[in-house]
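The structure appears below as structure tokens.
Values below: every heavy atom of this structure, side chains too, minus hydrogens, waters and symmetry copies. Just so we're on the same page: letters track the sequence lines, and every chain starts at 1. Only a predicted model underlies this, so the values are computations on that prediction, with no experimental measurement involved.
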2 protein chains.
Amino acid sequence: MHRQTIRDVARAAGVSISTASNALNGTGRTNAETVERVKRVAEEIGFRPNALARGLLTKRSHAIGMLTNDTYGRLTLPMAAGVSEVLVDHGLSVFLCATNNDPRLARLHLETLLDRQVDGIIFTATRLDLKPPPELAKLSIPVVYAFAEGPENSISFFPDDAQGARLAVEHLQALGHSRIAHITGPEDYLAVRVRAKAYRDCVGPGAVVLYGDWSEEWGHEAIEQILSRGGDWPDAVFCGNDEIARGVIDALRDKNLTVPGDIAVVGFDNWEVISRQTRPPLTTIDMELKEIGHSAGLTILSLTRGETVPAGITRLPCRLVVRQSSGGQTD
Amino acid sequence: MHRQTIRDVARAAGVSISTASNALNGTGRTNAETVERVKRVAEEIGFRPNALARGLLTKRSHAIGMLTNDTYGRLTLPMAAGVSEVLVDHGLSVFLCATNNDPRLARLHLETLLDRQVDGIIFTATRLDLKPPPELAKLSIPVVYAFAEGPENSISFFPDDAQGARLAVEHLQALGHSRIAHITGPEDYLAVRVRAKAYRDCVGPGAVVLYGDWSEEWGHEAIEQILSRGGDWPDAVFCGNDEIARGVIDALRDKNLTVPGDIAVVGFDNWEVISRQTRPPLTTIDMELKEIGHSAGLTILSLTRGETVPAGITRLPCRLVVRQSSGGQTD
DNA sequence: TATTTCTGCTAAAAGGTTTTATCTGCAGTT
DNA sequence: AACTGCAGATAAAACCTTTTAGCAGAAATA
């Protein structure tokens with residue numbers, strides 16, 4: 001059984017192909033009654049336009065490519081979901097291309113995407129400071145960077161790390177904590193530096209930042225360091241991610257210190273498999289990755305329509321998720 | 001600047017369009033020298049064929065759709081990576097469509113995919129026993145089910161849950177454990193039942209299965225139940241997933257029981273964020289989701305080429321990952 | 001020499017759609 | 001009566017590629 005074409009619609013409705021096309025798309029001059037009839041016939045015989053043929057002619061494939069840096073990490077995916085979610089109702093589909101951080105693979109995917117005449121490309125990375133493939137800058141189709149910084153005059157969306165860090169610290173301060181330490185990841189991450197600076201600005205003198213890696217183990221070790229050191233113990237810890245926070249909480253329990261009673265803890269990421277299952281459940285900062293995806297998707301949509309969008313970096317607000325580890329919520 | 005078409009290649013090489021096409025594709029009768037020249041010219045001017053035009057004519061879009069049941073859970077993504085990985089070298093791209101378990105959305109995505117003339121569809125789910133959209137069965141293009149069971153006479157790929165469970169139990173038995181308990185998820189999951197049965201078959205009389213949910217908390221609670229009960233304590237626990245295993249290990253530590261000294265623990269999933277960070281690191285079963293993606297990808301590739309693939313369910317082997325919680329590895 | 005076979009190449013059709021330019025009638029103006 | 005204007009429709013071109021059928025010339029055969 002053959003797929004129905006516009007030719008079939010035209011024949012069944014007793015009009016020419018042009019009229020059928022005009023009627024269906026609301027273009028040209030057409031009699032209202034004819035339009036009605038053509039639409040009805042099209043519906044009846046189950047006509048759906050061939051996207052390839054349409055794209056060939058209009059130069060708009062109604063598809064975009066999403067180029068991601070890693071093998072679908074936990075950061076990329078919520079963003080991809082956000083992108084897809086906001087585009088599907090506009091008839092846009094998303095090619096997902098994982099580059100595994102391999103330039104050869106990135107180029108291969110990029111070429112394929114261009115061959116397919118995608119209307120735009122969204123690039124996402126797992127680290128803010130990994131550079132996107134330079135070929136992207138030269139494309140003639142719109143490119144949007146999500147969780148990644150593009151070149152001069154490009155459009156990028158980030159989580160607002162500084163605001164997120166402030167959210168965490170101010171939450172702890174509002175609960176009466178004044179000796180807040182910051183245990184975080186490797187200093188060569190841009191996000192780590194941004195958050196640490198915001199933390200320092202908030203707490204003022206007496207700020208303590210410990211850089212390490214992203215693991216639970218480092219959380220343990222950092223607590224060991226802090227407690228074995230002389231002077232006042234902190235009464236709260238703001239951690240660079242949820243894994244570190246979990247390590248911190250476990251270490252404190254081993255030392256017979258209660259959370260949040262003796263020391264309050266706040267994480268970063270709201271990676272639910274960790275943050276919900278920690279005992280007590282973790283107060284943390286959600287980067288709203290899906291929102292970033294939404295913004296990137298809507299932006300690329302505007303761009304493909306020829307609207308102009310101001311270049312620059314947009315930082316989207318993080319959200320504080322209060323659970324029990326900070327003492328901000330009793331439950 | 002215009003994109004170069006085959007017309008430009010033909011002109012630059014001083015041949016007709018047909019010859020250019022034949023030379024580039026190795027079809028028809030062509031002089032070796034001409035072929036060489038055309039290819040060189042094409043390379044020089046950076047010609048890349050328009051996938052839309054080609055697809056329109058050949059009826060093969062070289063794209064497939066991946067329809068997934070959830071918002072990119074931790075199961076879907078490794079599979080998607082596997083699919084993409086194996087297809088990219090054959091010039092196939094993947095549309096990723098998240099249906100959020102919403103039938104309306106599933107139908108919408110499906111229609112769009114068909115409009116785009118995709119060569120095939122891979123359906124994946126997060127639970128083996130959620131039914132895929134029935135429309136899929138009636139399509140005239142190939143459909144493959146990954147981590148999901150299709151209708152009669154379809155092609156499905158699963159992890160071999162029974163073999164995975166046996167792997168875990170036999171590993172513990174080989175280490176000398178004879179009183180092995182099984183703490184797992186909700187009984188209405190098919191995978192839970194399959195694994196529990198395999199476990200029972202392995203340990204024989206004295207089997208103990210505790211059904212609960214997938215959380216760490218349930219791991220704690222289950223240990224509470226087991227230890228407070230009379231009779232011999234188990235000397236090993238096989239858990240239904242890594243989260244439960246983590247809860248179990250934490251609970252045992254609270255009780256001053258050592259792992260693996262007093263009780264050995266094995267998990268299921270090899271979800272690295274948990275299994276590596278548990279103290280001690282978790283021996284667990286990896287479902288090789290990427291492999292499932294590979295198989296699904298290769299199968300759809302064969303099918304789109306017109307080769308026939310026998311219908312039925314293929315169960316792909318799981319892999320035992322030995323870390324310290326089982327005592328099988330000292331390190 | 002006349003016919004066939006083969007080689008290398010090409011014109012033209014096809015694929016399904018959108019869009020431009022044109023073509024009929026018919027009503028309204030001079 | 002001759003013209004303009006307009007509504008409604010349509011033929012044909014265009015998008016870019018692959019493929020079919022055929023053409024000219026040279027080599028091989030009779």
Problem - Atom pair distance, as rounded to whole Å: CG in N22(A) and P in dT22(C) - result: 17 Å

Fill in the blank from the handout: D8(B) atom CG is separated from dT17(D) atom P, nearest whole Å, by 9 Å

Exercise for the section: Return yes if a side-chain donor-acceptor contact under 3.5 Å exists between T19(A) and S16(A), otherwise no. Expected result: yes

Exercise for the section: Look at T58(B) and dT18(D) and indicate whether a side-chain polar atom (N or O) is within less than 4.0 Å of OP1 or OP2. Expected result: no

Exercise for the section: Name the nucleic acid region contacted by L52(B), choosing base, sugar-phosphate or nothing; use a 4.0 angstrom heavy-atom cut-off, strictly under. Expected result: nothing

Exercise for the section: Give a yes/no on whether any side-chain N or O of T34(B) is located under 4.0 angstrom from OP1 or OP2 of dG8(C). Expected result: no

Exercise for the section: Grab the CG-P distance between L56(A) and dA13(D) for me, whole Å please. Expected result: 17 Å

Practice task
Starting at atom CD of Q117(A), determine the distance to atom P of dC15(D), rounded to an integer number of angstrom.
Solution key: 13 Å

Handout entry: Distance in angstrom units between I6(A) CD1 and dC15(D) C1', rounded
Key = 16 Å

Exercise for the section: Scan N25(A) against the nucleic acid and name what it touches under 4.0 Å (heavy atoms): base, sugar-phosphate only, or nothing. Expected result: sugar-phosphate

Handout entry: Interatomic distance, E36(A) CD vs dG8(D) P [rounded to whole Å]
Key = 15 Å

Exercise for the section: Indicate, with a heavy-atom threshold strictly under 4.0 Å, whether T5(B) touches base, sugar-phosphate, or nothing. Expected result: sugar-phosphate

Handout entry: N22(B) and T30(B): side chain donor to acceptor below 3.5 Å
Key = no

Completion exercise
Nearest heavy-atom contact between A53(A) and L56(B) is CB-CD1, 3.8 Å

Practice task
Report which part of the nucleic acid T19(A) touches: base, sugar-phosphate, or nothing (heavy-atom distance under 4.0 Å, all strands).
Solution key: base

Exercise for the section: Using a heavy-atom cut-off of under 4.0 Å over every strand shown, decide if R54(B) touches base, sugar-phosphate, or nothing. Expected result: sugar-phosphate

